[in-house]
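Residue indices begin at 1 and follow the sequence shown.
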Amino acid sequence: MMRKLAVAISLLGAIISNGANPIFSGWYADPEGVIFDNTYWIYPTYSDIYENQTFLDCFSSKDLKQWEKHHAIIDTSEVKWAKMAVWAPAIVENNGRYYLFFSANDVHEGEVGGIGVAVADRPEGPFKDLLGKPLINDIVNGAQPIDQYVYRDDDGAWYMFYGGWGHCNVVRLSDDFKSLLPWNDGSVYKEVTPQDYTEGPFMLKRNGKYYFMWSEGGWGDPSYRVAYAIADSPVGPFRRAGIILESDPSVATSAGHHSVIQVPETDEYYIVYHRRPLNDTGRDHRHTCIDRMYFNSDGTIRPIKMTFDGVAPRPIK
């Protein structure tokens with residue numbers, strides 16, 4: 001009974017959130033922020049010990065201030081090969097369906113796990129395992145198959161950037177997301193690891209330039225932060241340009257594993273990320289926050305100032 005009451009309170013808190021950071025209650029990390037049908041969506045990791053990290057929630061909002069929680073959009077009862085540690089979701093829409101990519105099992109050499117794909121008819125699911133096995137299971141170029149980000153270029157080509165353990169690969173995806181496509185030279189995996197990369201890749205395109213971002217440092221300590229590069233191609237080369245998000249001793253530590261939301265048909269950007277409360281040393285005590293992200297006139301990104309206030313209401317017209 002007490003557990004049901006706690007869940008009800010948590011749901012209520014999420015629905016009536018006033019948009020201050022953190023933007024919804026609970027320990028959540030690795031947030032993927034997207035827009036579907038004039039609605040903001042955030043797909044985070046449920047941050048807990050690996051054995052309890054067996055499902056994914058998502059949150060929706062019309063204005064970036066009030067968030068509705070959608071609980072357990074997928075869990076390990078649906079993904080039979082995933083035993084624990086489901087995390088780092090990424091999601092895209094294609095041909096009217098929604099494809100959720102996720103990491104599972106904290107896979108090591110010789111084990112089953114890695115990057116999976118699920119599909120649903122609605123952004124909030126329920127999602128069904130697409131393949132019945134990982135899309136990527138093997139460790140290639142030293143990159144643990146985790147922290148995937150799926151990017152569609154202007155020509156319709158699908159790319160997936162992924163990798164932990166200090167290595168990042170990029171692969172091409174088939175349009176049905178059931179397989180990987182070879183590059184022109186016949187290879188399937190290309191390593192694109194930039195300087196100081198740890199994990200959490202992300203990409204956006206602005207004014208014809210590709211902004212590749214990643215997290216560096218240790219995810220459990222104040223060294224965790226976000227850096228970026230600017231390139232002329234979606235596969236680089238990516239030369240480190242600088243840091244845009246890092247710990248602030250007056251606000252929070254371990255800020256990273258982010259995504260970026262662009263308001264359609266505007267030059268307005270919001271960074272969605274996780275951070276650890278000050279003086280909190282709990283390994284999994286990370287919560288999801290949002291702040292504005294601005295570009296300088298030369299196309300570089302201004303360092304982001306973390307806030308407790310969050311952002312102003314921003315409906316999509």
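Judged by the 6.0 Å distance and 45° axis criteria, R314 is not positioned over the aromatic ring of Y270. The cationic group of R152 does not satisfy the cation-pi geometry with Y159, failing either the under 6.0 Å distance to the six-membered ring centre or the 45° limit from the ring axis.
For K205, the NZ atom counts as densely surrounded, since its 6.0 Å shell holds more than 12 non-hydrogen atoms of other residues, nucleotides or ligands. No more than 12 heavy-atom neighbours from other residues, nucleotides or ligands sit within 6.0 angstrom of CG on N279.
There is no side-chain donor-acceptor pair under 3.5 Å between T307 and D309. Between T39 and D37, the side chains place no donor N or O within less than 3.5 Å of an acceptor N or O (distance only, hydrogens not considered). Between the side chains of W158 and D175, at least one donor-acceptor pair of N or O atoms lies under 3.5 Å.
Nearest heavy-atom pair, K83 versus N105, reported as atom, atom and distance to 0.1 Å: N-OD1, 2.8 Å. Closest approach of H167 and G142 over heavy atoms only: CD2-O, 3.4 Å.
Taking the six-membered ring for Trp and the full ring otherwise, the centers of W165 and H108 sit less than 6.0 Å from each other. Here the two rings, on Y162 and F101, have centers that are 6.0 Å apart or farther.
Distance CG/D106 to OH/Y50: 4.5 Å, rounded to 0.5 Å.
The side-chain contact (heavy atoms from CB on, under 4.5 Å) test with H258 singles out one residue from D30, T288, I271, and that residue is I271.
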Q: Start with the C-alpha gap between D75 and S77, add the side-chain angles, then the distance that decides, and say whether side chain to side chain donor-acceptor pair (under 3.5 Å) holds.
A: CA-CA 5 Å; D75 61 32; S77 68; 2.4 Å; yes
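Distance alone, capped at 3.5 Å, places no donor-acceptor pair between the N296 side chain and the D298 backbone.
With respect to D267 and R206, a salt bridge is recorded, a charged nitrogen being found less than 4.0 Å from a carboxylate O. Between R172 and D153, none of the side-chain N atoms (NZ, or NE/NH1/NH2) sits under 4.0 Å from a carboxylate O, so this pair counts as no salt bridge.
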